[in-house]
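Just below is one structure, and these are the notes that go with it.
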Amino acid sequence: MTFPAGKPALTSSSQKVLEGQGAPAKDGDVLAAKVTVYNWDGKENKSPGSDYDQGKSEFVTVNPQLPKALHDALVGAKPGGRVLAVIAKDNLSPDQVTQAKQQGTDFTTSSQVLVVDVVSAAAKAAQGAATDPGVAGVKLDNPGGDKAPTLTTKTDAKAPKGLVVKTVIKGSGPAVKADQTILAHYTGKIWGTDKQFDSSWERGEPATFALNQVVKGWSQGLTGVPVGSRVLITIPPDLGYGKEGNAQGGIKGTDTLVFVVDVLAAA
């Protein structure tokens, strides 16, 4: 990265450096991207960090709540493209300027430059022909398109004793690795009662999870699943929240958990 000589620009701006190919990003899209940050102070212009150093991508949601220059850069960006945003104090609230100064960046004399390489755009839902997971006691309706699947777990059937992972839609992406972070849409219910304790679909946006920081049923069940897949997972208590359960979610220590998970991306 080469900076112009002299003092840094203290006004925000954005530009598209490389065009890329495919559908242009719009609000609500989630992009897998590699981001490099520079502190433009007109002296050393150091980079405090880059996803290239970590060898991984990160997920960036295109959202009007982002600093305006970054939002402007990302809207219309395409996979394979590169965009650049200069973030200056005119794009930040007084609280953000104060917080940044506490963390070592003084926006009264410098600005930040973000270089974003768009790797891919995540699908809104798993796409393709769906098959019956074939788990007695569980029903799954797959309406197709970008609509949420409907999971029903009200049953008198006994829950499986071990972990069960069934592919409903097989994705065409790379297999998820155990140390990756995934972007997923999901619904979670309790076996037998049909009680729903969590749903990213109802919140209106997918969630991100580091697979090495979730319950064992998720980490074991989703490792090796191709990106783009929809899977049904039943998780016995010992691979879920254990004997303690999860009071906040209304989950007892004896409850078997049932999830339908759309693996939208991995980084």
Side-chain angles (χ1 to χ4, degrees), residues 1-18 20 24-54 56-79 81-122 124 181-185 198-210 213 248 264-265 267:
M1 179 79 179
T2 303
F3 289 84
K7 293 183 178 180
L10 297 180
T11 55
S12 300
S13 62
S14 65
Q15 66 181 88
K16 288 179 172 56
V17 182
L18 295 173
K26 57 187 183 301
D27 282 340
D29 287 352
V30 181
L31 307 176
K34 291 188 175 179
V35 182
T36 304
V37 181
Y38 296 91
N39 289 328
W40 187 6
D41 58 8
K43 300 170 187 175
E44 297 178 280
N45 303 323
K46 283 187 175 180
S47 171
S50 171
D51 290 325
Y52 283 100
D53 299 335
Q54 309 299 321
K56 292 185 177 183
S57 301
E58 63 179 279
F59 298 121
V60 180
T61 302
V62 183
N63 189 315
Q65 294 178 340
L66 293 170
K68 184 177 183 302
L70 180 57
H71 179 249
D72 289 348
L74 292 175
V75 170
K78 300 174 183 177
R82 171 175 290 174
V83 300
L84 181 149
V86 177
I87 310 296
K89 61 184 178 182
D90 59 346
N91 268 194
L92 303 172
S93 68
D95 285 347
Q96 288 173 321
V97 171
T98 300
Q99 188 177 12
K101 191 167 186 178
Q102 292 170 347
Q103 295 172 352
T105 302
D106 186 354
F107 277 97
T108 62
T109 59
S110 64
S111 56
Q112 277 194 337
V113 177
L114 275 64
V115 180
V116 183
D117 288 351
V118 180
V119 178
S120 60
K124 303 287 187 185
T181 295
I182 65 164
L183 178 78
H185 252 322
D198 199 4
S199 173
S200 64
W201 289 102
E202 289 196 354
R203 290 194 296 275
E205 59 182 17
T208 56
F209 298 94
Q213 296 177 8
Q248 187 177 1
L264 304 177

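Because the structure is predicted, anything quoted here is derived from the model rather than measured.
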Do you know the tightest heavy-atom contact between [X] and [Y]?
X      : Y      : answer
Lys16  : Gly76  : CE-C, 3.7 Å
Ala85  : Ala73  : CB-CB, 4.4 Å
Ser200 : Ala184 : OG-O, 3.9 Å
Val60  : Ala33  : CG2-CB, 4.3 Å
Asp106 : Ser110 : O-OG, 2.7 Å
Leu70  : Ile87  : N-CD1, 3.9 Å

Exercise for the section: Determine whether the side chains of Thr11 and Asp90 contain a donor N or O and an acceptor N or O closer than 3.5 Å. Expected result: no
Within the 4.5 Å heavy-atom criterion, are [X] and [Y] side-chain neighbours or not?
X     : Y      : value
Val83 : Leu74  : yes
Lys46 : Asn39  : no
Leu92 : Gln112 : no
Phe59 : Thr61  : no
Lys78 : Val118 : no

Problem - Audit row: Glu58, Val116, side-chain contact (heavy atoms from CB on, under 4.5 Å) steps and yes/no - result: CA-CA 10 Å; Glu58 63 179 279; Val116 183; over 6 Å; no
Does any N or O in the side chain of [X] come within less than 3.5 Å of the main-chain N or O of [Y], such that one atom is a donor and the other an acceptor?
X      : Y      : answer
Asn91  : Ala88  : no
Ser111 : Ala9   : yes
Asp51  : Val35  : yes
Thr208 : Leu183 : no

Exercise for the section: Start with the C-alpha gap between Leu264 and Lys124, add the side-chain angles, then the distance that decides, and say whether side-chain contact (heavy atoms from CB on, under 4.5 Å) holds. Expected result: CA-CA 7 Å; Leu264 304 177; Lys124 303 287 187 185; over 6 Å; no
Quick check for you: to the nearest 0.5 Å, what is the distance between [X] atom [atom1] and [Y] atom [atom2]?
X      : Y      : atom1 : atom2 : value
Lys89  : Gln96  : NZ    : CD    : 14.5 Å
Leu84  : Thr36  : CG    : OG1   : 10.5 Å
Asp53  : Ser47  : CG    : OG    : 6.5 Å
His185 : Trp201 : NE2   : CH2   : 4.5 Å
Thr105 : Asp41  : OG1   : CG    : 9.5 Å
Lys7   : Lys43  : NZ    : NZ    : 10.0 Å

Practice task
Under the side-chain contact (heavy atoms from CB on, under 4.5 Å) rule, what do Asp27 and Val75 come out as? Steps first, then yes or no, please.
Solution key: CA-CA 7 Å; Asp27 282 340; Val75 170; 4.1 Å; yes
Exercise for the section: Please say whether more than 12 non-hydrogen atoms of neighbouring residues, nucleotides or ligands are located less than 6.0 Å from NZ in Lys68. Expected result: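 Counting neighbours around NZ of Lys68, 12 or fewer heavy atoms of other residues, nucleotides or ligands fall under 6.0 Å, so no.
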Exercise for the section: May I ask you to check whether over 12 heavy atoms, not counting those of Lys56, lie within 6.0 Å of atom NZ? Expected result: yes
Exercise for the section: Specify whether Trp40 and Phe3 have parallel, tilted or perpendicular ring planes, treating 30° as the upper limit for parallel and 60° as the lower limit for perpendicular. Expected result: tilted
Exercise for the section: Give the intermediate values and the outcome of side-chain contact (heavy atoms from CB on, under 4.5 Å) for residues Lys26 and Val62. Expected result: CA-CA 7 Å; Lys26 57 187 183 301; Val62 183; over 6 Å; no
